[in-house]
Structures are given as structure tokens and as C-alpha cells.
Amino acid sequence: DKITYLTPVFSGFQAGLSYTPEVVDASRATAGNSLLTTVGTVDDVWELAVRYEGMISNVGVILGGGYTTANNDVDQWNLGADLDIGAFGLGAVYTSADATIFGIDGDSDTWVVGADYTPGPFKLGVSYLNADADLSSVNVFDEDRYTGGVVYTYGPGMTFRGSVAYTEEDVSDKDATTVTVGTQINF
């Protein structure tokens with residue numbers, strides 16, 4: 001269950017507020033699911049976000065930010081920006097979270113930057129993601145992902161999509177290459 005209120009858009013600005021009374025209830029954990037009993041009950045989740053969408057000269061601008069807090073020492077905030085000039089787009093987002101996980105203080109940081117170019121029916125894009133997480137100041141996750149992709153519109157509501165991503169995970173010293181292809185048809 002969640003209650004959300006979104007303000008009307010005024011001069012490109014909008015805000016939202018959400019309240020979730022309960023996300024995870026440790027009392028409902030089964031004997032085989034010790035994760036819920038360790039994490040505990042997550043409730044009283046409040047979320048606040050603001051955004052702006054408009055034009056500044058000939059640049060399309062979308063800016064936003066949000067904050068989330070919950071009863072079990074969970075705090076997360078994020079900032080994002082998207083700029084569009086003609087056929088070129090550039091975007092970035094940063095997220096930071098602090099929480100108590102398995103009774104241990106932890107924090108994580110994630111940031112993503114991406115760019116795209118749309119020449120006619122094609123959209124070409126690249127992005128970079130960096131994510132890391134620490135528990136009690138010990139690095140438990142550190143990932144870098146590089147992605148390139150293309151979207152081709154071959155008819156009204158019909159697109160072909162493909163991407164290649166290379167991921168490096170430093171803590172486990174594992175690398176992966178992922179190739180994804182697909183099509184989307186909207187009626």
C-alpha cells in the first residue's frame with residue numbers, strides 16, 4: 001500500500017510526496033527466509049521528489065531530485081539532469097544511500113552518465129555506470145559498466161533495439177560482456 005500526492009505542474013515545476021506504511025514485515029518471514037528476520041521490518045517510508053521540465057534558450061532541460069527515508073535507518077537521495085539540444089542528448093544521475101544491513105552500517109553510491117544522438121530513424125547511445133557499496137568501511141561491491149546501443153524505428157510504433165555492455169566487478173574480479181537485441185511494437 002502506498003499513498004502518493006503529485007502537485008500540479010506550475011511553470012515547469014512539480015513535486016511529489018509518498019508514504020508507504022510497510023514494505024517488509026519480518027514477522028511474516030518463513031523458516032526458510034532468514035533474510036527478512038535479519039533485515040527486520042521496513043516501514044514508515046517517506047519519499048519526496050521535485051522536478052523541473054522546460055526550455056532554456058534552445059536547450060530542453062529536465063532536472064530532478066528526491067529523498068527517501070524509512071524507520072530502520074534508511075536514507076537515500078538522488079539528483080538527475082537531462083539536456084537535449086537538437087538531435088543530441090546528455091544525461092546524468094547520482095544516487096547515495098545509507099542503511100543498516102544485517103545490523104551493519106552500510107552505504108552505496110551510484111552514478112551514471114550517458115549521451116545519445118538521433119540522426120533520422122536511428123538513435124545511437126552510450127553510457128557509463130559506476131556503483132560501489134561498503135559495509136563497515138569494507139568495500140563489498142565495486143562495478144563499472146560501459147554500454148553502447150542503437151534503436152532503429154522501422155515503422156509507426158515499431159523499433160528494433162540492440163546493445164553491447166561490458167561490466168567489470170572489482171571486488172569479485174569478474175568481468176562480463178552482454179549483448180541484447182529485441183524489437184518493440186506499440187499499438
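For the side chain to side chain contact (heavy atoms under 4.5 Å, CB included) criterion with Asp132, the lone passing option out of Asp144, Asn139, Val171 is Asn139.
The ring pair (Phe, Tyr, Trp, His ring centres under 6.0 Å) check on Tyr146 picks up Tyr128, with sequence neighbours excluded. By the side-chain contact (heavy atoms from CB on, under 4.5 Å) test, Ser136 pairs with Ile104, sequence neighbours left out.
A donor-acceptor pair under 3.5 Å links the side-chain atoms of Thr7 to the main chain of Ala15, judged by distance alone. Between the Asn78 side chain and the Gly66 main chain, a donor and an acceptor come within less than 3.5 Å of each other. Side-chain N or O atoms of Thr183 include one that pairs as donor or acceptor with a backbone N or O of Thr159 at under 3.5 Å. For the pair Glu169 (side chain) and Asp142 (backbone), a donor-acceptor distance under 3.5 Å is present.
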Requested in this report: Start with the C-alpha distance between Asp75 and Tyr67, add both sets of side-chain angles, then the distance that settles side-chain hydrogen bond (donor to acceptor under 3.5 Å, both in side chains), and finish with yes or no.
Outcome: CA-CA 7 Å; Asp75 290 296; Tyr67 176 74; 2.4 Å; yes

Query raised in the report: Leu129 and Thr110: side chain to side chain contact (heavy atoms under 4.5 Å, CB included), yes or no, with the steps?
Result: CA-CA 7 Å; Leu129 172 139; Thr110 303; 4.2 Å; yes

Report task. Please assess Tyr117 against Phe122 for the test side chain to side chain contact (heavy atoms under 4.5 Å, CB included), listing each intermediate value before the final yes or no. Result -> CA-CA 8 Å; Tyr117 174 61; Phe122 288 94; over 6 Å; no

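Note that OH of Tyr5 and CG of Leu48 are 12.5 Å apart. Values are rounded to the nearest 0.5 Å. In this structure, CG on Leu124 lies 7.5 Å from OG1 on Thr118, to the nearest 0.5 angstrom. Taken to the nearest 0.5 Å, the OG1 atom of Thr177 stands 9.5 Å off from the CD atom of Glu168. Separation of atoms CZ (Arg161) and NZ (Lys123) is listed at 9.0 Å; rounding is to 0.5 Å. Rounded to the nearest 0.5 angstrom, Glu143 CD and Arg145 CZ are separated by 6.0 Å. With values rounded to the nearest 0.5 angstrom, Asp134 atom CG is found 5.0 Å from Asp107 atom CG.
Looking only at side-chain heavy atoms (C-beta outward), Tyr19 and Asp44 come within less than 4.5 Å of each other. Using a 4.5 Å heavy-atom cutoff, the side chains of Val113 and Trp111 are in contact. Side-chain contact between Ser96 and Asp109 is present, with heavy atoms from C-beta onward closer than 4.5 Å. Residues Val45 and Thr68 form a side-chain contact, since some pair of their non-hydrogen atoms from C-beta on lies under 4.5 Å apart.
Among all heavy-atom pairs drawn from Gly89 and Asp84, the shortest one is CA-OD1, 3.3 Å. The heavy-atom pair separating Val74 from Ala99 by the smallest distance is CG2-CB, 4.0 Å. Considering all non-hydrogen atoms of both residues, Gly16 and Leu6 come closest at CA-CD2, 3.8 Å. Heavy-atom minimum distance, Met55 versus Gly60: SD-CA, 3.4 Å.
Leu79 and Leu90 are members of different hydrophobic clusters when ILVMFWY side chains are connected at heavy-atom separations under 4.5 Å. One hydrophobic cluster holds both Phe160 and Ile185 under the rule that ILVMFWY side chains link at heavy-atom gaps under 4.5 Å. Under the 4.5 Å side-chain heavy-atom criterion for ILVMFWY residues, no single connected hydrophobic cluster contains both Tyr166 and Val126.
No more than 12 heavy atoms of other residues, nucleotides or ligands sit less than 6.0 Å from atom CG of Asp1. Within 6.0 Å of the CZ atom in Phe10, the count of heavy atoms belonging to other residues, nucleotides or ligands does not exceed 12.
Think of Val61 as one node in a network of Ile, Leu, Val, Met, Phe, Trp and Tyr side chains linked at under 4.5 Å; its network also takes in Phe13, Tyr52, Ile56, Val59, Leu63, Leu83, Ile85.
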